[in-house]
Amino acid sequence: MSTWGLSQKARRCGITVHPPGGYNDLDLPPQLSLAMQAVIAGREALDRLRTIVQVAGYDSIPAAADGFYGSRRTTLAHRIRAIMHRAGFRIIDRDTCPLAPTPRGRDFLREAQHLLRIAAAAEPGRPDPP
């Protein structure tokens, strides 16, 4: 998704978007990676980004599920697989303890964190992302 497309989604959600250099500009990267475009396409894009960013650092998927939901580990495992399928590569190495991003996953997570910070700045009252 292009910067223009993301700006359009922001406007539809009632988030004010100012022209570049204007007050409170969204500060979007000039071009989102193809993996990011695929992951944020459709509904619940920010929820997908929050999920994948928060998983790294937990000892396992079940531990992350307990931290997120108080259980429902299969729900989280399916969600993570779906996010990585959309991205087209493994973002999180599930064979490590604690869970860690793959080399490509690190770049993806940095981009996701940047987008989450932009979204948090545009939504007063929402906590800052990790």
Side-chain angles (χ1 to χ4, degrees):
M1 174 176 291
S2 66
T3 300
W4 180 85
L6 193 54
S7 295
Q8 292 302 310
K9 280 189 172 202
R11 285 186 180 96
R12 283 194 297 273
C13 293
I15 298 170
T16 303
V17 178
H18 298 278
Y23 176 75
N24 200 21
D25 183 24
L26 277 179
D27 189 30
L28 294 172
Q31 180 66 38
L32 298 173
S33 68
L34 293 176
M36 184 59 67
Q37 291 177 44
V39 170
I40 66 171
R43 300 176 65 182
E44 300 180 7
L46 292 177
D47 288 336
R48 284 191 293 278
L49 294 182
R50 287 183 193 107
T51 297
I52 201 69
V53 164
Q54 292 174 358
V55 165
Y58 279 94
D59 286 342
S60 63
I61 297 298
D66 286 342
F68 290 4
Y69 308 120
S71 189
R72 298 192 334 205
R73 64 183 71 155
T74 56
T75 300
L76 182 60
H78 289 309
R79 188 167 180 86
I80 292 168
R81 271 196 298 278
I83 292 167
M84 291 194 290
H85 178 75
R86 281 175 175 245
F89 60 90
R90 288 178 60 176
I91 298 168
I92 301 292
D93 184 352
R94 296 174 62 173
D95 298 328
T96 61
C97 183
L99 299 172
T102 63
R104 282 184 77 187
R106 275 192 277 289
D107 293 336
F108 181 87
L109 292 178
R110 273 194 290 277
E111 187 177 15
Q113 289 166 334
H114 180 70
L115 292 177
L116 289 170
R117 281 191 296 276
I118 292 167
E123 296 181 61
R126 182 174 276 291
D128 287 335

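Scope of the values below: all heavy atoms of this structure, side chains included, with no hydrogens, waters or symmetry mates. Not measured: the values here are computed from a predicted model. One-based numbering along the sequence shown.
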Practice item. Drop me the distance from H78's NE2 to I83's CD1, to the nearest 0.5 angstrom. Key: 13.0 Å
Practice item. Please examine the side chains of E111 and H114, heavy atoms only from C-beta on, and report whether any two atoms are closer than 4.5 Å. Key: no
Review point. From I92 CD1 over to F108 CZ, what is the distance, rounded to the nearest 0.5 angstrom?
Key: 9.5 Å
Point to revise | Closest approach of A56 to P101 (non-hydrogen atoms, all atoms of both residues) | key: CB-CD, 4.1 Å
Exercise for review: May I have the step-by-step check of side chain to side chain contact (heavy atoms under 4.5 Å, CB included) for R48 and T51, ending in yes or no?
Suggested key: CA-CA 5 Å; R48 284 191 293 278; T51 297; 5.7 Å; no
Check your understanding: Please walk me through it: do L99 and D59 pass side chain to side chain contact (heavy atoms under 4.5 Å, CB included)?
Key -> CA-CA 6 Å; L99 299 172; D59 286 342; over 6 Å; no
Practice item. Under the side chain to side chain contact (heavy atoms under 4.5 Å, CB included) rule, collect the residues that match up with D107, sequence neighbours excluded. Key: R110
Check your understanding: Going by the ring-ring contact (aromatic ring centres under 6.0 Å, His included) test, which pairs reach into residues 84-106, not counting sequence neighbours?
Key -> none
Point to revise | Minimum heavy-atom distance between L116 and R50, given as atom pair plus value | key: CD2-CG, 3.7 Å
Check your understanding: What's the shortest heavy-atom distance between I40 and A45, and which atoms?
Key -> O-CB, 3.2 Å
Practice item. Please confirm whether the backbone N or O of R90 pairs with a side-chain atom of T102, one donor and one acceptor, at under 3.5 Å? Key: yes
Point to revise | Side-chain heavy atoms of M36 within contact of L115, under 4.5 Å | key: yes
Check your understanding: Roughly how far, to the nearest 0.5 Å, is OG1 of T75 from CZ of F68?
Key -> 12.5 Å
Review point. So how far is it from L76 CG to I61 CD1, rounded to the nearest 0.5 Å?
Key: 5.5 Å
Point to revise | side chain to side chain donor-acceptor pair (under 3.5 Å) involving R86 - partner list, sequence neighbours excluded | key: none
Review point. So which of I52, D47, V55 actually passes side chain to side chain contact (heavy atoms under 4.5 Å, CB included) with R79?
Key: D47
